[in-house]
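Whatever order the structure lists ligands and atoms in, that order sets their numbers, starting from 1.
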Amino acid sequence: MSDILDKTDLRFSELGASSPLEIKLLFEELLGRAKEEARSISGPSELESFRVRWIGRKNSIFSKIQDNWLVSAAPDQRRSIGSFFNSYKGFVQQIVDSCEGAIEVLEMKDPPRGKSGFDLSLPGVIRPIGTHHLIRQVLQEIEDIFFSIGFSVVEGPEIETPYYNFEALNIPEFHPVRDDMDTFYLELLKSAPGPLLLRTHTSPVQIRTMEKRQPPVRVIVPGKVYRRDNPDATHSFMFHQIEGLAVDSDITFCDFTGTIDYFVRRFFGESVKTRFRPSYFPFTEPSVEFDVSCVFCGGSGTAKSGGTCGKCKGSGWIELFGAGMVDPAVYGFVNYDPKKVSGFAFGIGIDRLAMLRYGIDDIQAFSQNDVRFLKQFP
Ligand code: DAH
């Protein structure tokens with residue numbers, strides 16, 4: 001009998017091996033055979049058959065060696081058979097382990113069909129989808145209302161010259177209204193052609209638009225504006241305005257109030273009332289301040305709880321924004337003939353409108369980027 005595997009069916013005394021060297025050679029031959037067979041393993045099921053055949057508990061080569069060789073050996077040979085027997089098991093186990101590792105790596109690189117290596121039943125990573133900021137949402141709503149009556153959007157620079165921010169709007173140097181807008185000037189080289197500042201309102205874009213276009217003009221101008229205000233619940237160094245300008249040959253004060261009234265009702269609801277009060281802006285004449293009946297107490301001045309309404313301080317009215325008929329002096333700066341054209345303008349604070357509409361009492365919330373706040377306006 002020459003095949004080593006057949007020899008595992010024999011009792012040890014029948015093998016004709018007695019010296020430790022002969023025992024060692026027997027085991028070496030066995031392990032050589034195990035290695036050879038392991039070479040043809042190409043998947044998990046073949047690996048499992050190999051394991052069962054070589055070191056399984058029952059009817060394996062391992063159990064045959066134990067039953068046929070170890071048990072039947074003379075006591076003086078049992079010791080060296082025992083130690084080879086142990087290393088046999090460890091060696092075959094090593095082959096199994098390394099085949100297992102190799103199979104895993106191969107499967108990840110080239111997954112068999114129907115088995116991706118990924119657990120498709122696990123829930124995926126949920127990435128929250130962002131939304132428009134509330135200011136953007138309110139701005140779009142305002143734009144839509146003005147689009148519906150023929151206005152279009154224009155934009156202008158946030159860094160302005162004093163000419164557009166002040167002079168061309170009929171605010172000469174040393175005019176007292178500049179005090180309110182004493183603001184952020186840029187540090188420039190001495191050789192710069194003139195000073196520049198962060199615009200304090202969107203009104204300069206009125207001038208820029210009229211310089212470029214002939215009447216009829218009907219535009220709105222959304223954008224950021226900057227003032228040197230100390231931050232508190234109603235002031236911020238940066239906020240948003242939407243400017244409006246309509247100029248044509250026959251625009252009347254009625255067109256003006258009708259347009260504003262239409263906008264306010266569309267924005268706050270049909271039931272609100274509007275009123276205007278005389279005011280002053282250098283670039284409009286007459287100038288007005290538009291109020292809306294208090295959206296919190298319905299104009300009664302009394303809070304739902306019974307006391308004085310805290311939002312309108314009991315007056316029943318809330319100040320909304322400034323507006324007016326374009327001052328003829330402004331037309332002089334853009335080469336329009338004041339005898340032939342007339343028009344109106346307004347400047348709405350978007351942040352203020354959003355605060356009124358949603359009952360937000362701190363303007364700082366818009367720029368703090370707190371998702372607990374932002375999430376409330378999906
Ligand atoms: N520019 C003014 C401000 O920021 C707001 C304003 C008032 C704009 C009246 C206008 C207007 O166009 O007619 O305070």
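R208 forms a cation-pi arrangement with Y164, by the criterion of a distance under 6.0 Å to the ring centre and an angle within 45° of the ring axis. For the pair R357 and F267, the cation sits on the ring face: its NZ or CZ lies under 6.0 Å from the ring centre, inside 45° of the axis.
Ring-centre distance between F27 and F85: not below the 6.0 Å cut-off.
A donor and an acceptor atom, one from each side chain of Y358 and Q137, are nowhere located under 3.5 Å apart.
Protein residues with a heavy atom closer than 4.0 Å to ligand 1 are H201, S203, Q206, R227, Q241, E243, F281, F283, T284, G322, A323, G324, A345, F346, G347, listed by chain and number.
Using a 30° and 60° split on the angle between ring planes, F146 and F263 fall in the parallel class, below 30°.
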All N/O donor-acceptor pairs, side-chain side in residues 300-309, below 3.5 Å, sequence neighbours left out:
unit_1, atom_1, unit_2, atom_2, d
S300, OG, C297, O, 3.0
S300, OG, T302, N, 3.1
S300, OG, T302, O, 3.3

